[in-house]
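Heads up, the thing below is written out as structure tokens.
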Amino acid sequence: APGADEDRQGEPFVGRAGQLLNAMLAAIGLPRPGVFVANMIKCRPPQNRDPKPEELAACRPYLERQLRLLQPALILVVGRIAAQNLLATDAPLAKLRGQVHRVGGLNTPAIVTYHPAYLLRTPADKRKAWEDLKLARRTFDELSASPPAGRGGP
């Protein structure tokens, strides 16, 4: 969900977590201007709490429409809430990392990693996130070698 900074600016990931996300993307050669960043829900919950299931469900059609329109080659899923909801699972984030998942009707590959805000609080997990990012880059490179018809960039 958007935080206070994102809510004010109308753009996802613009605060410290956004700066880290930008650095993460740049580190794998996919700078932020070349990718589309979206939130699972489109407005900030009161008191910056985690989104409720009904809020996620209400916003799901918007996200699905974005994915249909953009047809991304790859989705990098950041954080537990996004991962569990996008992948329709209650598995912990640790179990979702390190593998390629498939999302939606387009069967889009998705890689799960830690949320940048979590990494700011828990820098010891940055090494694990780096492994996730390298997997994302390898997967993207494999897809780019022979992109399916009608599929766009990241």
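In this text, all values refer to a predicted model and were calculated from it rather than measured experimentally. Every heavy atom of this structure was used, including side-chain atoms; hydrogens, water molecules and symmetry mates were not.
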Discussion item. Looking at Asp90 and Arg80, is any side-chain nitrogen of the basic one under 4.0 Å from a carboxylate oxygen of the acidic one?
Written reply: no

Worksheet item: So do Leu67 and Ile75 actually touch side chain to side chain, heavy atoms under 4.5 Å?
Response: yes

Worksheet item: With a 4.5 Å limit on heavy-atom distance, are the side chains of Val112 and His101 in contact?
Response: yes

Item to complete: Return yes if a side-chain donor-acceptor contact under 3.5 Å exists between Tyr118 and Asp125, otherwise no.
Response: yes

Worksheet item: Hey, is Lys128 close enough to Asp132 for a salt bridge, meaning N to O under 4.0 Å?
Response: no

Practice prompt. May I ask you to test the Leu86-Arg60 pair for a side-chain heavy-atom distance under 4.5 Å?
Written response: yes

Discussion item. One pair to check against side-chain contact (heavy atoms from CB on, under 4.5 Å): Met40 and Tyr62. What are the steps and the verdict?
Written reply: CA-CA 9 Å; Met40 291 295 297; Tyr62 296 102; over 6 Å; no

Worksheet item: Just by modelled atom types, is the Gly3 backbone N or O under 3.5 Å from a matching donor or acceptor in the Glu6 side chain?
Response: yes

Worksheet item: side-chain contact (heavy atoms from CB on, under 4.5 Å) between Arg32 and Phe13: does it pass, once the steps are laid out?
Response: CA-CA 10 Å; Arg32 175 91 178 244; Phe13 288 93; 3.7 Å; yes

Worksheet item: Within a radius of less than 6.0 Å around CZ of Arg49, do more than 12 heavy atoms belonging to other residues, nucleotides or ligands occur?
Response: yes

Worksheet item: Is there a side-chain contact between Leu76 and Val78 (heavy atoms, below 4.5 Å)?
Response: yes

Worksheet entry | Atom NZ of Lys134: over 12 foreign heavy atoms under 6.0 Å | yes

Worksheet item: Going by heavy atoms in the side chains, are Phe36 and Pro72 under 4.5 Å from each other?
Response: no

